[in-house]
*Asks:* 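The structure's right below; bear with me while I get my questions together.
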Amino acid sequence: MAAAAGSAVNAVNDCFSIGSTVVCTTCFNEEVEGEVLAFDHNTKMLILKCRSKSTEELSDIYAMNLSLCSNVQVVKECNGNFDDPQKLNLEQVKMRLRKTVERRQDYLKSKNADVSPEAQELYRAIAKQYGYNEVSWQGLNIQILNEVTISPPYRVDNVVSSSNNETSCNYIKRIIKQFFNTRPSPVPESGAAASTSSASVSPTSSSLSSSNAASGSPVPAN
């Protein structure tokens, strides 16, 4: 990947003029096309302004590490007339980065290799209500506020409070009910579908056999 990226960068002489349109493929095989806002030759960092995926009024800013990209192409050279890029609000960038890191850390708190993905989703649903600092894994159990415990299989009947706090228990039970009521119904297994299909064919075969027997036609032996 690094070799491919290097050859792709060399193809455009390691230089991108501001205002040009560039297309490159990331290491996740995602194609990104945008207008060049800045390019650092030493670090091979390319800043692109791309059309927003959510609204036409805004633009998405991508910081591309060309050492991890391939198939870098200049689609349109800049004619020399372009507006100076707006200055970045570094404080806002730092704040968004901090929030992104915090969300990722909260998500990692919900991971537990010993329980099912469904149980981890329930953990996140409860943590959204109480905050991730108030919810934790205690082995296979979900513990809330250090007093309410939900044990497998994580249903309403599995909610227990060490302090007999009925208010907290009832609220958590409502969260659990809503969680399981809003989940999609499980898809039938292929084996069950095949069994149903086989059962539906049997009466037809029986009818054909009876019809052949009544008309005196020979019935093939199975």
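All values derive from a computational prediction rather than experimental measurement.
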*Asks:* Can you name the closest pair of heavy atoms from G34 and C50 and give their distance?
*Replies:* CA-SG, 3.8 Å
*Asks:* Please report the interatomic distance CZ(F180) to CD(E121), rounded to the nearest 0.5 Å.
*Replies:*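 So the gap between those two atoms works out to 9.5 Å.
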*Asks:* Assess whether side chain to side chain contact (heavy atoms under 4.5 Å, CB included) is satisfied between L66 and V72, documenting all intermediate values.
*Replies:* CA-CA 8 Å; L66 295 187; V72 182; 4.2 Å; yes
*Asks:* Decide whether L122 and L140 are clustered together by the hydrophobic rule: side chain heavy atoms of Ile, Leu, Val, Met, Phe, Trp, Tyr closer than 4.5 Å, transitively.
*Replies:* yes
*Asks:* How close do C169 and V160 get, counting heavy atoms only, and between which atoms?
*Replies:*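 That would be SG-C, 4.3 Å.
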*Asks:* Would a hydrophobic clustering, with Ile, Leu, Val, Met, Phe, Trp and Tyr connected at side-chain separations under 4.5 Å, put V32 with V22?
*Replies:*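 Yes; V22 is reachable from V32 via cluster members.
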*Asks:* Taking atom NZ as the centre, does K49 end up with more than 12 heavy-atom neighbours from other residues, nucleotides or ligands that are less than 6.0 angstrom away?
*Replies:*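 No, not enclosed.
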*Asks:* Under a 4.5 Å cut-off applied to non-hydrogen side-chain atoms, are I172 and Y130 in contact?
*Replies:* yes
*Asks:* If the condition is side-chain hydrogen bond (donor to acceptor under 3.5 Å, both in side chains), which residues does E118 pass it with, not counting sequence neighbours?
*Replies:* R183
*Asks:* Between the side chains of T55 and S52, does any donor sit under 3.5 Å from an acceptor?
*Replies:*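 Short answer, no.
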*Asks:* Inspect the surroundings of CZ in R96 and state if more than 12 heavy atoms from other residues, nucleotides or ligands are less than 6.0 Å away.
*Replies:*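 No, CZ of R96 has 12 or fewer neighbouring heavy atoms, counting only those of other groups under 6.0 Å.
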*Asks:* Taking all non-hydrogen atoms of both residues, which atom of N112 and which atom of Q120 are closest, and how far apart?
*Replies:* O-NE2, 3.2 Å
*Asks:* So, using side-chain hydrogen bond (donor to acceptor under 3.5 Å, both in side chains) as the criterion, who are the partners of Q178 when residues are at least two apart?
*Replies:* none
*Asks:* Hey, could you give me the SG/CG distance between C27 and L68, rounded to the nearest 0.5 Å?
*Replies:*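 If I round to the nearest 0.5 Å, the distance is 5.5 Å.
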*Asks:* Do Y154 and Y171 land in one hydrophobic cluster if side-chain heavy atoms of ILVMFWY residues count as linked below 4.5 Å?
*Replies:*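 Yes, same cluster.
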*Asks:* Let me confirm one number: the CD-NZ distance from E166 to K173, rounded to the nearest 0.5 Å.
*Replies:* 8.5 Å
*Asks:* Hey, is the main chain of A119 close enough, under 3.5 Å, to the side chain of S116 for a donor-acceptor pair?
*Replies:* yes
*Asks:* Once rounded to the nearest 0.5 Å, what's the spacing between atom CE of M64 and atom CZ of F16?
*Replies:* 10.5 Å
*Asks:* Is there a donor-acceptor contact under 3.5 Å linking the side chains of T100 and E102?
*Replies:* no
*Asks:* Is the backbone N or O of E30 less than 3.5 Å from a side-chain atom of T26, with the two atoms forming a donor-acceptor pair by type?
*Replies:*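 Checked: pair present.
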*Asks:* In terms of ring plane angle, is the pair Y132 and Y123 parallel, tilted or perpendicular, where the classes change at 30° and 60°?
*Replies:* tilted
*Asks:* Closest approach of N158 and P153, non-hydrogen atoms and distance?
*Replies:*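 Shortest heavy-atom contact: OD1-CD, 3.3 Å.
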*Asks:* For I176 versus V159, what's the shortest heavy-atom pair and its separation?
*Replies:*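 Answer, listing the atom of I176 first, then V159: CD1-CG2, 3.5 Å.
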*Asks:* How long is the straight-line distance from NZ of K177 back to OG1 of T182, given to the nearest 0.5 Å?
*Replies:* 14.0 Å
*Asks:* Which hydrophobic side chains are connected to M45, either touching it within the sub-4.5 Å cutoff or through other members that do?
*Replies:* none
*Asks:* If we count only N and O atoms by modelled type, under 3.5 Å, do the side chains of N71 and Q73 hold a donor and an acceptor together?
*Replies:*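 Yes.
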*Asks:* Does any donor atom in the side chain of N164 or S161 lie under 3.5 Å from an acceptor atom in the other side chain?
*Replies:*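 There is no such pair between these side chains.
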*Asks:* Distance-only check: which donor-acceptor pairs under 3.5 Å involve side-chain atoms of residues 142-150, not counting sequence neighbours?
*Replies:*
| from | atom 1 | to | atom 2 | distance (Å) |
| --- | --- | --- | --- | --- |
| E147 | OE1 | S163 | OG | 2.4 |
| E147 | OE2 | N165 | ND2 | 3.3 |

*Asks:* So how far is it from L48 CG to D60 CG, rounded to the nearest 0.5 Å?
*Replies:*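 Atom-to-atom, L48:CG and D60:CG are 11.5 Å apart.
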*Asks:* Any idea which heavy atoms bring V135 and A127 closest together, and the distance?
*Replies:* CG2-CA, 3.9 Å
*Asks:* Does D40 CG have over 12 foreign heavy atoms under 6.0 Å away?
*Replies:*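 Counting neighbours around CG of D40, more than 12 heavy atoms of other residues, nucleotides or ligands fall under 6.0 Å, so yes.
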*Asks:* Please name all residues satisfying salt bridge (charged side-chain N to carboxylate O under 4.0 Å, His left out) with D106, sequence neighbours left out, ordered by chain then number.
*Replies:*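 Residues passing salt bridge (charged side-chain N to carboxylate O under 4.0 Å, His left out) with D106: K109.
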*Asks:* Looking at residues at least two apart in the chain, or sitting in another chain, which of them share a ring-ring contact (aromatic ring centres under 6.0 Å, His included) with F179?
*Replies:* none
